[in-house]
Amino acid sequence: MLAFLVPAVVLLNGLAAGVLFGTQLGGWPLLAALPADRYVHAHAFFATRYDPAMPLCLLGTLIGDVVLAVIAPDFAPRLLFIVGAVLAAVTVTISLTKNVPVNKWVQTLDPDNLPDDFEANDPRWNWGAWNHRRSVITVLALFVNCTALALLL
């Protein structure tokens, strides 16, 4: 089971980290630079493209790390899988409490008829800050999981 689960967790974590890293390199700079109406259109487009892949990758990483923390044969990899699980849980929590609500709200907006107070309540800066945090945490989880894998080899 270890021979199957460790590569699966590294793969799922790597896919999630790659997507979030990609948002830092391209998606976020684009969203930050757009005027409000084009931002709403683009954000609504991006927000629907990653479901259900990202939830599956993040939850798969979390569940896999928890199982590996239980079945890993040595203390050091077991401890690293626990850290990986905590990091994955933080990413899932940030996603569910900070990013997903904004994604859903933006999808309800009409880019051609934005609320009068949109500029005062523009969600992109808060969303971007939380997206940056979860990106860093997910990449850190990948580093931790790769280190655990290296200790098992």
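All heavy atoms count here, side chains included; hydrogens, waters and symmetry mates do not.
- Clustering ILVMFWY residues whenever any of their side-chain heavy atoms sit less than 4.5 angstrom apart, transitively, puts L12 in a cluster other than the one holding F21.
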Please walk me through it: do V102 and N126 pass side chain to side chain contact (heavy atoms under 4.5 Å, CB included)?
CA-CA 9 Å; V102 171; N126 195 32; 5.8 Å; no

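- For the atom pair CG (L142) and CG (L11), the distance works out to 10.0 Å, reported to the nearest 0.5 Å.
- Scanning all heavy atoms of the two residues, the minimum distance from A42 to L34 falls at CB-CD1, 3.7 Å.
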Report the C-alpha separation of L109 and H43 in whole Å, then their side-chain angles, then the decisive distance to 0.1 Å, and conclude whether the side chain to side chain contact (heavy atoms under 4.5 Å, CB included) test is met.
CA-CA 11 Å; L109 298 175; H43 190 133; over 6 Å; no

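- Grouping the Ile, Leu, Val, Met, Phe, Trp and Tyr side chains by contacts below 4.5 angstrom, directly or via other members, places L149 apart from L151.
- In this structure, the side chains of V100 and K104 come closer than 4.5 Å at one or more pairs of heavy atoms.
- With a 4.5 Å cut-off on side-chain heavy atoms, E119 and L114 do not count as touching.
- Residues V90 and L96 do not share a hydrophobic cluster, clusters being chains of Ile/Leu/Val/Met/Phe/Trp/Tyr side chains in contact below 4.5 Å.
- Ring-plane geometry between W28 and W127 is classed as tilted, the angle between the planes lying from 30 to 60 degrees on a 0 to 90 degree scale.
- Annotation: the span from M54 atom CE to T138 atom OG1 amounts to 6.5 Å, rounded to 0.5 Å.
- Separating the CG atom in L87 from the CG atom in L80 is a distance of 10.5 Å, to the nearest 0.5 Å.
- Note that CG of L15 is 11.0 Å distant from CG of L20, once rounded to the nearest 0.5 Å.
- From D51, atom CG reaches atom CG of L56 across 9.0 Å, with rounding to the nearest 0.5 Å.
- Summarising the local packing, CZ of F46 is surrounded by more than 12 heavy atoms from other residues, nucleotides or ligands at distances under 6.0 Å.
- Hydrophobic cluster membership is shared by W125 and F118, with clusters built from Ile, Leu, Val, Met, Phe, Trp and Tyr side chains linked at under 4.5 angstrom.
- Residue pairs meeting the salt bridge (Lys or Arg N to Asp or Glu O under 4.0 Å) criterion with at least one member in residues 53-80, sequence neighbours excluded, do not occur.
- Put simply, the side chain of N145 never gets that close to the backbone of V10: no donor and acceptor are under 3.5 Å apart.
- There is a path of hydrophobic side-chain contacts, each under 4.5 Å, that joins V6 to V70.
- In this structure, S95 and P101 approach most closely via the heavy-atom pair O-CD, 4.1 Å.
- Here R124 contributes atom CZ and N131 contributes atom CG; the two are 14.0 Å apart, rounded to the nearest 0.5 Å.
- Minimum heavy-atom separation, G60 to V9: O-CG2, 4.5 Å.
- A pairwise comparison of heavy atoms in A85 and L62 identifies O-CD1, 3.2 Å as the closest pair.
- Note that R133 lies in the cation-pi zone of W130, set by a 6.0 Å cut-off to the ring centre and a 45° limit from the axis.
- Closest non-hydrogen pair, P111 versus D37, comes out as O-CB, 3.2 Å.
- Side-chain contact between L2 and P73: present, with at least one pair of heavy atoms (C-beta onward) separated by less than 4.5 Å.
- The closest side-chain heavy-atom distance from F81 to L152 is below 4.5 Å.
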